[in-house]
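Please read the structure below before turning to the comments.
Being a predicted model, the structure only gives us computed values, none of them experimental. Below, chain A is the first sequence line, B the second, and so on; all start at residue 1.
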2 protein chains.
Amino acid sequence: MSQPFALSQVDVASTPLERFEEFLQSRGKRITSQKRLLVEHVFSRHEHFDADELLDELRQRSETRQRISRPTIYRVLSELLDAGLLRTMELRGRSIYEHDYGYPQHDHLHCQRCDRLVEFHSEELNRICQQVADEHRFRHRSHRLIVHGICPDCAEQPRRKRPVDLV
Amino acid sequence: MSQPFALSQVDVASTPLERFEEFLQSRGKRITSQKRLLVEHVFSRHEHFDADELLDELRQRSETRQRISRPTIYRVLSELLDAGLLRTMELRGRSIYEHDYGYPQHDHLHCQRCDRLVEFHSEELNRICQQVADEHRFRHRSHRLIVHGICPDCAEQPRRKRPVDLV
DNA sequence: ATTTATGCAAATCCTTTGCAAATCT
DNA sequence: AGATTTGCAAAGGATTTGCATAAAT
């Protein structure tokens, strides 16, 4: 859970799974069916999710009768963070994960009513972060901005309670 | 834990405690010695803190042999959030609280090595948040930006582990 | 007198860990 | 074979809740 992983310039891994396998190899870690299953599932859609949702979804995929346990979910997620394939943020006391490989840096709008997450990108914001860090002589590594508010849908139909999914 | 609290235009409460008392009254809640103690302690310094630190500190203030229990800490903190006197953010899986009354809106630089928090203010950032919300037709309520990096001190003495306090 | 708040103990929720058995390389 | 990984059960840490008692209005 620490050192950044630098891809060697020679081999350019293309799929998340390939990249993950390289990462594992470089660390002397092993590739298992659970890890493959999890990575393939996670990168088959571009959605935000938490550990519980992942666990449920993987258990429903009966095709693979390969069950994956909760501890393993957490262990693999942690490796994926180390590998730079996923990013995480805390929302309502739980960790929310999202792709960090092959997707541009972005931040989020969060609907306080239905929990919806909408992504946005702002170069101007990146500039500000860098500038603020410089001013305080911080070495800038990353940032997280969440704009909290009410989404258009919820603004219309007032007061329903978190009806849907994390998009 | 919800409705924004609007101060009536007539009486302008000045101290946090006064404002809290007004809030409590408006909700038919009661003012107790524990609440007073907690509010006075919290607003006697302008620092970030978590529930545990607060509990320890209040227990050391032996002047008041009024002990305050952990559940009560959490209950009062929650009221203070509702009252708009405190704001909170999640850091390393725990809630960090800070003043939200009498202090200008600001965001934070966070040192990933020693956990130090440094505040900064940026009008430009506020503008961007408003603009992004508008673009997505969100009703903007608030935002949270944390710039993660390494503070100047930690950059010098590499690799020591979270030596200090949350400033 | 009534109603809300407190403190205790226990429960919850999310996440992590110890350990023996199973799986990679 | 030898090392890592898994799954299970149980532990952990932060926060919340049920309930009887204490305190506020």
Side-chain angles (χ1 to χ4, degrees), chain A residues 1-2 17 20-39 41 48-59 64-83 86 88-97 115 162 166, chain B residues 1-2 17 20-39 41 48-59 64-83 86 88-97 115 162 166:
Chain A
M1 230 191 183
S2 41
L17 182 56
F20 189 42
E21 290 180 342
E22 268 185 37
F23 168 80
L24 291 172
Q25 268 190 347
S26 76
R27 298 271 182 114
K29 297 180 160 198
R30 288 173 185 176
I31 298 160
T32 63
S33 57
Q34 288 88 335
K35 291 181 187 178
R36 269 195 221 94
L37 174 61
L38 197 157
V39 173
H41 181 78
H48 297 90
F49 60 92
D50 63 27
D52 250 30
E53 289 171 350
L54 196 49
L55 185 62
D56 288 348
E57 291 166 7
L58 287 176
R59 289 201 161 147
T64 333
R65 79 215 56 53
Q66 172 71 42
R67 290 283 145 120
I68 190 168
S69 68
R70 195 185 297 279
T72 296
I73 296 270
Y74 281 106
R75 285 185 280 232
V76 179
L77 284 175
S78 160
E79 287 180 339
L80 285 167
L81 294 177
D82 288 353
L86 292 181
T88 187
M89 71 185 134
E90 299 263 321
L91 223 52
R92 300 183 188 288
R94 53 203 305 133
S95 291
I96 305 294
Y97 299 83
D115 242 6
R162 31 193 107 291
L166 300 172
Chain B
M1 235 194 179
S2 42
L17 182 56
F20 189 43
E21 289 180 341
E22 268 184 37
F23 168 81
L24 292 172
Q25 269 190 347
S26 76
R27 298 273 182 112
K29 298 181 160 197
R30 287 170 186 178
I31 299 160
T32 63
S33 57
Q34 288 88 334
K35 291 180 186 177
R36 268 194 221 93
L37 173 62
L38 197 157
V39 172
H41 181 79
H48 297 91
F49 60 93
D50 63 27
D52 249 30
E53 289 170 352
L54 196 49
L55 185 62
D56 288 348
E57 290 165 7
L58 288 175
R59 288 201 160 147
T64 333
R65 78 212 59 52
Q66 172 70 43
R67 290 283 146 121
I68 189 168
S69 70
R70 193 185 298 276
T72 297
I73 296 270
Y74 281 105
R75 285 185 280 233
V76 178
L77 283 175
S78 160
E79 286 180 340
L80 286 167
L81 293 178
D82 287 353
L86 292 182
T88 188
M89 70 185 134
E90 298 263 320
L91 225 48
R92 300 182 187 290
R94 52 205 303 135
S95 292
I96 305 293
Y97 299 82
D115 242 7
R162 31 192 109 290
L166 301 172

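Checked against C:dT25, D:dA14, D:dT6, the side chain of B:Arg94 finds its nearest nucleotide in D:dA14. In this structure, the nucleotide among D:dA23, D:dT6, D:dG7 sitting nearest to the side chain of B:Arg30 is D:dA23. Checked against C:dT25, C:dG7, D:dT6, the side chain of A:Lys35 finds its nearest nucleotide in D:dT6. When each of C:dG18, C:dT6, D:dT15 is scored by its nearest atom to the side-chain atoms of B:Gln34, the top-ranked nucleotide is C:dT6.
Between the side chain of B:Arg92 and the base of D:dG13 there is no donor-acceptor pair of N/O atoms closer than 3.5 Å.
Atom-to-atom, CG of B:Asp52 to P of D:dT16 comes out at 13 Å; the value is rounded to the nearest Å. Put simply, CD on A:Gln25 is 8 Å from P on C:dT25, counting in whole angstrom units. The nearest whole Å value for the distance from the CZ atom in B:Arg27 to the C1' atom in C:dA5 is 17 Å. Rounded to a whole Å, the CD1 atom of B:Ile68 is 14 Å from the P atom of D:dA23. Here C:dC13 presents its P atom at 16 Å from CD of A:Glu53, a figure rounded to the nearest Å. The CG-P distance, from A:Leu37 to D:dT6, rounds to 11 Å in whole Å. When the P atom of D:dA14 is taken as reference, atom CD1 of B:Ile96 falls 11 Å away, rounded to whole Å. In this structure, CD of B:Glu21 is placed 14 Å from P of C:dA5, rounded to the nearest angstrom.
Contact between the side-chain N/O atoms of B:Tyr74 and the OP1/OP2 oxygens of D:dT15 is found at a separation under 4.0 Å. Within the structure, every side-chain polar atom (N or O) of A:Ser69 is placed at least 4.0 Å from both OP1 and OP2 of D:dC8.
The 5' end of DNA chain D is approached more closely, in terms of each residue's nearest nucleotide, by A:Thr32 than by the other of A:Thr32 and B:Arg75. If you find the closest nucleotide of DNA chain D to B:Tyr97 and to B:Ser33, the one lying nearer the 5' end belongs to B:Tyr97. Between B:Lys29 and B:Pro71, the one whose closest nucleotide on DNA chain C sits nearer the 5' end is B:Lys29.
A salt bridge between B:Arg27 and B:Glu79 is absent, with no side-chain N of the basic residue lying under 4.0 Å from a carboxylate O of the acidic one. Classification of B:Glu21 and B:Arg36 as a salt-bridged pair holds, one side-chain N sitting under 4.0 Å from a carboxylate O.
Smallest separation of non-hydrogen atoms from B:Tyr97 and B:Ala51: CE1-N, 4.4 Å.
Within the 3.5 Å criterion, the main-chain N or O of A:Arg30 finds a donor-acceptor partner in the side chain of A:Lys35. Between the side chain of A:Ser95 and the main chain of A:Glu90, no donor-acceptor pair closer than 3.5 Å is present.
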